[in-house]
2 protein chains.
Amino acid sequence: MPVNFSTKDADFEAQFDALLNSKREMDEDVDKIVSDIIADVRKRGDAAVLDYTTKFDRLELTAETMRIGAEELAAAVDKCEPHVIEALKLAADRIEKFHAKTLPDNLDYRDEQGVRLGSRWTAVQAAGLYVPGGTAAYPSSVLMNAIPAKVAGVERLVMVVPTPDGVRNPLVLAAAHICGIDEVYAIGGAQAVAALAYGTETIEPVDKITGPGNAFVAAAKRRVFGQVGIDMIAGPSEILVVADHANDPDWIAMDLLSQAEHDTSAQSILITDDAGFATQVAQAVDKALETLPRTEIAGQSWRDHGAVIVVENMDEAVPLIDRIAPEHLELAVSDPDALSNKVTNAGAIFLGRYTPEAIGDYVAGPNHVLPTARSARFSSGLGVLDFMKRTTFVGCDAENLRAIGPAAVDLAVTEGLGAHARSVAIRLNLPVED
Amino acid sequence: MPVNFSTKDADFEAQFDALLNSKREMDEDVDKIVSDIIADVRKRGDAAVLDYTTKFDRLELTAETMRIGAEELAAAVDKCEPHVIEALKLAADRIEKFHAKTLPDNLDYRDEQGVRLGSRWTAVQAAGLYVPGGTAAYPSSVLMNAIPAKVAGVERLVMVVPTPDGVRNPLVLAAAHICGIDEVYAIGGAQAVAALAYGTETIEPVDKITGPGNAFVAAAKRRVFGQVGIDMIAGPSEILVVADHANDPDWIAMDLLSQAEHDTSAQSILITDDAGFATQVAQAVDKALETLPRTEIAGQSWRDHGAVIVVENMDEAVPLIDRIAPEHLELAVSDPDALSNKVTNAGAIFLGRYTPEAIGDYVAGPNHVLPTARSARFSSGLGVLDFMKRTTFVGCDAENLRAIGPAAVDLAVTEGLGAHARSVAIRLNLPVED
């Protein structure tokens, strides 16, 4: 059974802390393995990538056949049902429109002293998108990673997707075609991350790697960080639903299960101000589990990691939300804005009774790659900024260098950096006393 | 002697690649040590932090005395020369003004279907600033880390600064006072990073850690990434000066030396279209080295890592700049804008003959914490965004959920996620066929 407690309980703080600190992933010791794989790919290039693909994906490829060609991507579209392709295109269009609105502004001005100051955003030149294989190969994830990169202006988009036993998912390939991805390789794991970061004979290196993956992929991303940029280390999915008694318990139950069905490590939490409603939702969850296709996964996630927290009033929920810092926050209340405005830490917020979280997974427009495991305290969902970088600039002339330069000389001398001081002073004919 | 080659050389590509791939830092195997220190701090808290401080900084502290109190910070201001405090305040004011202009915009709109969409930026609640101790303890770095956090709206700013042998730098403490840092602790190394990330009895954990440090600090930041946010893994400083023959060779020489004097691992590169000018600059460097206070460091950096590249014309410089992706790029040419607009990869650009890089280290306004080691290909200098995160939101009503929901149901069914499909369909009374 999911844990169930109330802010009125004497041991509420202990129970809440236990919930916050519960571990949902095995601490697999993959670091050494991953470090060896990366070193091997750096040393042997394609040959190493192909060997690991044989070993882990049971698949014999060559430097030529590891690439999935543009023709196969285009052909994949015809293999899918037309109404699904239409849905993918609708999603792609909405995701593109939203992300286009989040492009950052450049800055270029002169301050009071006449010093020219500013900053300019540019796209990274090449990005690598990691798309998981097997059961978690989702075409929607292709869209959510590729479209922000395209909108940012990335010139070269490379996708890697493992195809264990050679099974290729036509919808994932169709999504790659719809997004205009430039290169697709049927490789995965730490070896694919290493190939993207350092390059091989066949794969040119990229500047940034994004996308979710298993523990090996996460460890590899952490290792190559610095050589390339990475997005975040993704953990199991989470939802926090805040719902009052005026909701249909069946709707809320389904929202909780929509995260639970992702993974047995996923977590669904309900906060409500009505203990009776909490009971109704728990009953509705049990009933829904009887007919769900992924009932085993969803049921285990709900039993092992689910939680129901009863609060005295919704204001009491706010600090709990911020401490949980949920990936997805659903506010199924009559005035969701009032509550939303008080929240600081959440990856994405779904406002009101007609906004199930799943709408954001596919077609709403904002990104569904969101910070997990309480990292919404300090990080954001994937977006165009992840594929851009900012260059600042300064322009002085003789006159305004004279206005602000002496302070720089003073500070440089104080820090013991004589050449710093002289590089300013020499332009102003100032003496420097070290 | 610094390497010196020309794009006309037959082996130019090989020489340029060697320059790009030259390693400037020892590959210290600190990972295991750092991992042990972090585990120990998580287990023993303050006691571990104090033990490591005794061991590495030769300094006996207690849970009480490791904090440097507000009175001592305020008193430090009086210990410094008034003109230096004035220079610090001028710098702080200019840095604050520039960073305030880079605060991001929120977004809140309804699209064609009437779906409410948007994103909202909020500050992280607590940030930890790592300030190196010893010779590299720079008050300017305190300003450059703290002010963006303050401008972003961070409520709690915690600074850690190791004080080997108990020596406290009054200017660093004065800078902390000027910036309004809330808590300062006289600790450093991996133990300080662990304390900030996981907390101890005395130090509440933070959400984000920024600031440069040695190999141990860098490894610790990489390890705690995920538990908290981090900025970047800082490497040795670099400058690339692009200069034509119309410059004073002494000015350019001093600019090259202003990076070289940071560290024997620092790198200074000159690109010029005039071989004669290159020779003049090299001679000016040698002459300046005779009188510089940090001549040994600067001289070794210049001899070991310096480079002079002669190009046929400035257009030829552009792709070289982008491949080097320099931390600092100085464009000492007659039309710096024309060249600047062609550059994609650079941390910060200094425009024209009167903008020595050092002006940006102190008083220009933009941040001096910038991406090193070619990471300007994918990352930006420190800024307010590093201390903020974005929450996206979606709001549907029954009507517009009906417009976009069926596509979500289709995609969810295709991905095999039945509860996702049902959570939308149940609100629209739609059937779901798995």
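Lettering of chains follows the sequences in order, A, B, ..., and the numbering in each one begins at 1.
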Undergrad: Could you check which of B:Leu90, B:Val432, B:Asp111 has the highest count of heavy-atom pairs closer than 4.5 Å to chain A?
TA: B:Asp111
Undergrad: Under a 4.5 Å heavy-atom cut-off, does chain B meet the side chain of A:Ala288, its backbone, both or neither?
TA: neither
Undergrad: B:Ile230 versus chain A, heavy atoms under 4.5 Å apart: side chain, backbone, both or neither?
TA: side chain
Undergrad: Flag the pair B:Thr391 / B:Ser119 as yes when at least one side-chain heavy-atom distance between them is below 4.5 Å, and no otherwise.
TA: no
Undergrad: Taking side chain as everything from C-beta outward and backbone as N, CA, C, O, which of these in B:Asp397 sits under 4.5 Å from a heavy atom of chain A? Side chain, backbone, both or neither.
TA: backbone
Undergrad: Among B:Tyr109, B:Trp121, B:Phe350, single out the residue with the greatest number of heavy-atom pairs under 4.5 Å to chain A.
TA: B:Tyr109
Undergrad: I'd like to verify something: which residue of A:Leu257, A:Asn345, A:Leu385 has the highest number of heavy-atom pairs under 4.5 Å with chain B?
TA: A:Asn345
Undergrad: Does A:Ser423 reach the main-chain N or O of B:Asp255 with its side chain, forming a donor-acceptor pair under 3.5 Å?
TA: no
Undergrad: Between chain A and each of B:Lys208, B:Glu81, B:Lys97, B:His83, count heavy-atom pairs under 4.5 Å; write down the option with the most.
TA: B:His83
Undergrad: Heavy-atom pairs under 4.5 Å with chain A: which of B:Val409, B:Ile252, B:Leu401 has the most?
TA: B:Leu401
Undergrad: Taking atom types as modelled, find out whether A:Glu261 and B:His420 have a side-chain donor-acceptor pair closer than 3.5 angstrom.
TA: yes
Undergrad: Where does B:Ser340 contact chain A at under 4.5 Å (heavy atoms): side chain, backbone, both or neither?
TA: both
Undergrad: Under 4.0 Å between a side-chain nitrogen and a carboxylate oxygen: does that hold for A:Arg427 and B:Asp250?
TA: no
Undergrad: Side chains of B:Ser141 and B:His368, heavy atoms from C-beta outward: is any pair under 4.5 Å?
TA: yes
Undergrad: Do B:Met254 and B:Pro356 touch side chain to side chain, with heavy atoms closer than 4.5 Å?
TA: no
Undergrad: Between A:Val424, A:Thr102, A:Asp386, who has the most heavy-atom pairs with chain B when the cutoff is under 4.5 Å?
TA: A:Val424
Undergrad: With a 4.5 angstrom heavy-atom cut-off, could you sort out which part of B:Pro139 is near chain A: side chain, backbone, both or neither?
TA: both
Undergrad: If you count heavy-atom pairs under 4.5 Å with chain B, which of A:His262, A:Glu86, A:Gln125 comes out on top?
TA: A:His262
Undergrad: Quick one: of A:Gln113, A:Arg116, A:Met232, who has the most non-hydrogen atom pairs under 4.5 Å with chain B?
TA: A:Arg116
Undergrad: Can you tell which part of A:Ala91 gets under 4.5 Å to a heavy atom of chain B, answering side chain, backbone, both or neither?
TA: side chain
Undergrad: For A:Lys389 and B:Thr344, indicate whether the former's side chain and the latter's backbone hold a donor-acceptor pair under 3.5 Å.
TA: yes
Undergrad: Could you tell me which portion of A:Asp108 (side chain, backbone, both or neither) has an atom closer than 4.5 angstrom to a non-hydrogen atom of chain B?
TA: neither
Undergrad: Non-hydrogen atoms of chain A under 4.5 Å away: do they reach the side chain of B:Val206, the backbone, both or neither?
TA: backbone
Undergrad: Would you say the side-chain atoms of B:Glu415 and A:Ser140 include a donor-acceptor pair closer than 3.5 Å?
TA: yes
Undergrad: Using side-chain heavy atoms (C-beta onward) and a distance below 4.5 Å, is A:Ile239 in contact with A:Pro326?
TA: no
Undergrad: Given that the side chain runs from C-beta out, which part of B:Leu171 has a heavy atom under 4.5 Å from chain A: side chain, backbone, both or neither?
TA: side chain
Undergrad: For the pair B:Arg94 (side chain) and B:Ala364 (backbone), establish whether a donor and an acceptor sit closer than 3.5 Å, ignoring hydrogens and angles.
TA: yes
Undergrad: If only side-chain N and O atoms count, and only distance matters, is there a donor-acceptor pair under 3.5 Å linking A:Gln227 with B:Arg374?
TA: no
Undergrad: B:Tyr362 versus A:Leu417: any side-chain heavy-atom pair under 4.5 Å?
TA: yes
Undergrad: Out of B:Leu292, B:Asp105, B:Leu370, which one racks up the most heavy-atom pairs below 4.5 Å with chain A?
TA: B:Leu292
Undergrad: Is chain A contacted by the side chain of B:Val394, its backbone, both, or neither, given a heavy-atom distance below 4.5 Å?
TA: both
Undergrad: What part of B:Ala398 lies closer than 4.5 angstrom to a heavy atom of chain A: side chain, backbone, both or neither?
TA: both
Undergrad: Are A:Thr122 and A:Arg390 side-chain neighbours, meaning at least one heavy-atom pair lies under 4.5 Å?
TA: no
Undergrad: Checking the side chain of B:Thr414 only, and the main-chain atoms of B:Asp410 only, is there a donor and an acceptor separated by less than 3.5 Å?
TA: yes
Undergrad: Does some side-chain heavy atom of A:Leu428 sit less than 4.5 Å from a side-chain heavy atom of A:Arg402?
TA: yes
Undergrad: Less than 4.5 Å to any heavy atom of chain A: does that hold for the side chain of B:Glu330, its backbone, both, or neither?
TA: side chain
Undergrad: Need one label for B:Ala123: side chain, backbone, both or neither, based on atoms under 4.5 Å from any heavy atom in chain A.
TA: backbone
Undergrad: Would you mind telling me which of B:Phe98, B:Phe393, B:Phe225, B:Phe378 has the largest number of heavy-atom pairs within less than 4.5 Å of chain A?
TA: B:Phe378
Undergrad: Find out whether B:Asn367 and A:Thr392 are in side-chain contact, i.e. whether some heavy atom of one side chain is under 4.5 Å from a heavy atom of the other.
TA: no
Undergrad: Pick from A:Cys80, A:Gly118, A:Ala260, A:Gly365: which one has the most heavy-atom pairs with chain B under 4.5 Å?
TA: A:Gly118
Undergrad: Please look at A:Arg223 and chain B and tell me whether the side chain, the backbone, both or neither of the residue comes under 4.5 angstrom of a heavy atom of that chain.
TA: both
Undergrad: Please rank A:Val228, A:Val84, A:Leu88 by heavy-atom pairs under 4.5 Å with chain B and give me the top one.
TA: A:Val228
Undergrad: Relative to chain A, which segment of B:Ala127 carries a heavy atom at a distance below 4.5 Å: side chain, backbone, both, or neither?
TA: neither
